[in-house]
Amino acid sequence: MEQIFFQDVYAVVRLIPQGRVTSYGAIAKYLGAKGSARMVGWAMNSAHSLPDVPAHRVVNSAGLLTGKGHFGSPTLMQELLEAEGITIKKDKVQDFKTIFWNPIEELEL
DNA sequence: ATGGTGACGTCGG
DNA sequence: GCCGACGCCACCA
């Protein structure tokens with residue numbers, strides 16, 4: 001049960017700098033599963049067991065906190081992001097493209 | 001082994 | 001510009 005995908009997703013998410021966010025699609029693409037962003041999100045479901053995996057820094061391509069409902073509280077994700085210096089409005093990341101952290105460019109660079 | 005599901009993404013109307 | 005449907009691949013029952 002190596003669960004390679006999980007390991008990879010965790011590794012990337014764990015590398016996300018504080019105050020930055022990334023999208024499922026970006027991670028999926030970095031993993032090579034470009035067409036299956038769902039896998040990334042699903043992997044996050046298991047990430048609950050990992051304290052080093054800031055799932056709250058991972059949002060969808062629109063910058064919406066789609067997974068907020070899976071945290072302890074529906075507002076927990078927003079609270080965590082705001083604590084990182086990220087501005088959240090209506091469950092959406094402001095300046096998403098500005099704080100967006102692209103693993104492909106950052107890691108491959 | 002098969003079916004169903006999922007914290008998404010993209011295309012079409 | 002907004003809404004709906006399909007597709008993707010891995011895990012669980």
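So that the names make sense, note that chain A is the first sequence line, chain B the second, and so on, each numbered from 1. All values below were derived from every heavy atom in this structure, side-chain atoms included, with hydrogens, water molecules and symmetry-related copies excluded.
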Asks: Summarise protein proximity over nucleotides 7-13 of chain B in one line of letters, 5' to 3': B for base, S for sugar-phosphate only, - for none, counting protein heavy atoms closer than 4.0 Å.
Replies: BBS----
Asks: Only distances under 3.5 Å count here; give the side-chain donor-acceptor pairs of residues 11-28 of chain A to other protein atoms, sequence neighbours excluded, each with its distance to 0.1 Å.
Replies:
unit_1	atom_1	unit_2	atom_2	d
Thr22(A)	OG1	Trp101(A)	O	3.0
Ser23(A)	OG	Ala26(A)	N	3.3
Tyr24(A)	OH	Val58(A)	O	3.4

Asks: With rounding to the nearest 0.5 Å, note down the distance linking OH in Tyr10(A) to CE in Met44(A).
Replies: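 Output value for this atom pair is 6.5 Å.
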Asks: Please report the distance, rounded to the nearest Å, between OH in Tyr30(A) and C1' in dC9(C).
Replies: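 Spelled out: OH on Tyr30(A) to C1' on dC9(C) is 19 Å.
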Asks: What is the distance from atom CD of Gln78(A) to atom CD1 of Ile86(A), rounded to the nearest 0.5 Å?
Replies: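 Reported value, rounded in 0.5 Å steps: 11.0 Å.
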Asks: Please check if the side chain of Asp95(A) supplies one atom and the backbone of Thr98(A) the other of a donor-acceptor pair under 3.5 Å.
Replies: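 The answer is no, because no donor-acceptor pair under 3.5 Å joins these two groups.
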Asks: Ignoring hydrogens and geometry, is there a side-chain-to-backbone donor-acceptor pair from His56(A) to Leu65(A) under 3.5 Å?
Replies: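 Such a contact is absent between His56(A) side chain and Leu65(A) backbone.
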